[in-house]
Amino acid sequence: MESRIVDEEVVKYIRTLLPEHRGLLEELEAYAERFHVPIIHPEISQYISVMMKCWKPNSVLEVGTAIGYSASVFATSMKLGEIDTIELNEAMAEKAAETFETLKQLVPEVNVTLHRGDAKEVLPKLTKTYDLIFLDASKGHYMEFFDVAYNLLSPGGVLLSDNVLYKGMVATDEYANRRNKTIVKRMRWYLETISNHPMLDTTIMPMGDGFAISLKKGVIDEEN
Ligand SMILES: C[S@@+](CC[C@H](N)C(=O)[O-])C[C@H]1O[C@@H](n2cnc3c(N)ncnc32)[C@H](O)[C@@H]1O
């Protein structure tokens with residue numbers, strides 16, 4: 001299904017300007033294309049790489065590892081720190097484990113821990129707090145991860161949520177079909193939650209499949 005979020009010609013043009021990846025990221029992009037593994041869009045990958053220089057997180061938590069592509073983008077951008085990443089699918093986790101072996105050679109000072117299992121069960125067992133949390137698992141379940149993820153996010157930390165506009169269907173019922181109605185309804189509930197949360201400043205970007213950035217405040221902001 002075609003995306004209704006960004007004009008195809010504009011996306012094509014932007015992609016001509018992105019830096020070409022070499023080595024591990026290039027290999028993972030080829031693997032994802034060959035085996036139809038959904039990974040972050042190239043412009044989201046570049047956005048994350050650039051913004052990591054501003055956010056400078058020391059600790060990252062990712063929900064939805066797949067083959068370890070986005071975790072590798074985080075790791076190569078941060079150079080030093082810790083990444084916890086959660087993957088439910090055993091075959092994906094196997095490939096991600098291979099990815100992280102290679103990644104260790106490239107960025108030895110980033111410690112990546114792969115948690116195999118359902119994020120609903122893994123998240124409540126995590127005890128650290130994180131400077132950045134990336135939600136990129138099944139779209140219909142973000143609300144189930146939200147409360148725990150919010151509590152694991154450090155004050156001043158960044159919550160990133162991918163696929164929040166789901167090919168534009170979240171914006172208007174016109175685009176959604178019956179099969180996708182539940183996901184769309186749940187995603188709207190999620191976006192309303194992060195947009196109206198008193199401790200989050202959120203912006204929703206019509207980029208890729210829709211990308212939300214939420215900054216956790218240090219204290220409740222009475223005026224806004
Ligand atoms: C869009 S892919 C992640 C892509 C990855 N972040 C990247 O860009 O390289 C979503 C992944 O989330 C995993 N997933 C779905 N539900 C999950 C859950 N409840 N707990 C952990 N992983 C889950 C899927 O198996 C799939 O591999």
Side-chain angles (χ1 to χ4, degrees), residues 1 3 5 15 18 21 23-49 51-52 57 60-78 83-103 106-107 110 112-126 130 132-149 152 158-167 169-170 180 182-183 186-187 190 205 207-213:
M1 192 192 303
S3 163
I5 299 168
R15 287 185 182 177
L18 298 178
H21 288 148
L24 180 64
L25 292 181
E26 184 186 25
E27 282 163 29
L28 292 174
E29 285 160 9
Y31 183 98
E33 193 171 339
R34 177 157 180 224
F35 296 105
H36 309 287
V37 179
I39 58 170
I40 46 170
H41 291 212
E43 50 284 4
I44 300 283
S45 168
Q46 177 65 3
Y47 179 81
I48 289 174
S49 304
M51 292 309 289
M52 289 290 280
V60 171
L61 169 64
E62 173 179 71
V63 181
T65 320
I67 57 173
Y69 178 75
S70 49
S72 300
V73 172
F74 284 117
T76 49
S77 313
M78 70 200 275
I83 300 178
D84 282 287
T85 179
I86 312 171
E87 177 54 51
L88 175 65
N89 179 290
E90 201 36 55
M92 291 284 184
E94 273 311 301
K95 175 68 184 165
E98 267 175 42
T99 299
F100 298 148
E101 280 303 311
T102 310
L103 192 61
L106 299 175
V107 275
V110 178
V112 182
T113 307
L114 173 63
H115 301 263
R116 297 166 189 247
D118 190 329
K120 276 173 252 158
E121 283 152 31
V122 177
L123 283 170
K125 292 185 189 145
L126 299 175
Y130 298 87
L132 190 150
I133 298 182
F134 181 39
L135 293 189
D136 192 20
S138 35
K139 292 175 266 294
H141 296 273
Y142 284 13
M143 267 321 281
E144 291 163 48
F145 308 135
F146 176 72
D147 284 336
V148 192
L152 291 170
V158 183
L159 170 68
L160 303 177
S161 317
D162 200 14
N163 307 110
V164 294
L165 296 175
Y166 191 18
K167 298 178 188 343
M169 290 188 272
V170 174
N180 297 319
T182 308
I183 297 177
R186 289 180 180 175
M187 193 54 95
Y190 178 72
M205 322 265 285
M207 184 163 69
D209 196 26
F211 195 66
I213 302 147

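Atoms within a ligand are numbered from 1 in the order they appear, just like the ligands themselves. All values reported here derive from a predicted model rather than from experimental measurement.
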*asked:* Restricting to side chain to side chain donor-acceptor pair (under 3.5 Å), what partner residues turn up for E62, sequence neighbours left out?
replied: S70, T85
Ignoring hydrogens and angles, write down the donor-acceptor pairs under 3.5 Å from the side chains of residues 142-149, residues two or more places apart or on other chains.
residue, atom, partner, partner atom, Å
Y142, OH, L135, O, 3.3
Y142, OH, D162, O, 2.7
E144, OE1, K120, NZ, 3.2
E144, OE1, H141, ND1, 3.3
E144, OE2, H141, ND1, 2.9

*With sequence neighbours excluded, tell me which residues meet side-chain contact (heavy atoms from CB on, under 4.5 Å) with P42.*
R15, L18
*Distance (rounded to the nearest 0.5 Å) between L106 CG and T76 OG1*: 8.0 Å
_Separation of L132 CG from I48 CD1 (nearest 0.5 Å)_ = 8.0 Å
*asked:* Could you check whether any side-chain heavy atom of E29 comes within less than 4.5 Å of a side-chain heavy atom of H21, counting everything from C-beta outward?
replied: yes
*Give the protein residues with at least one non-hydrogen atom closer than 4.0 Å to an atom of ligand 1, ordered by chain and number.*
P38, I39, I40, E62, G64, T65, A66, Y69, S70, I86, E87, L88, N89, M92, G117, D118, A119, D136, A137, S138, F145
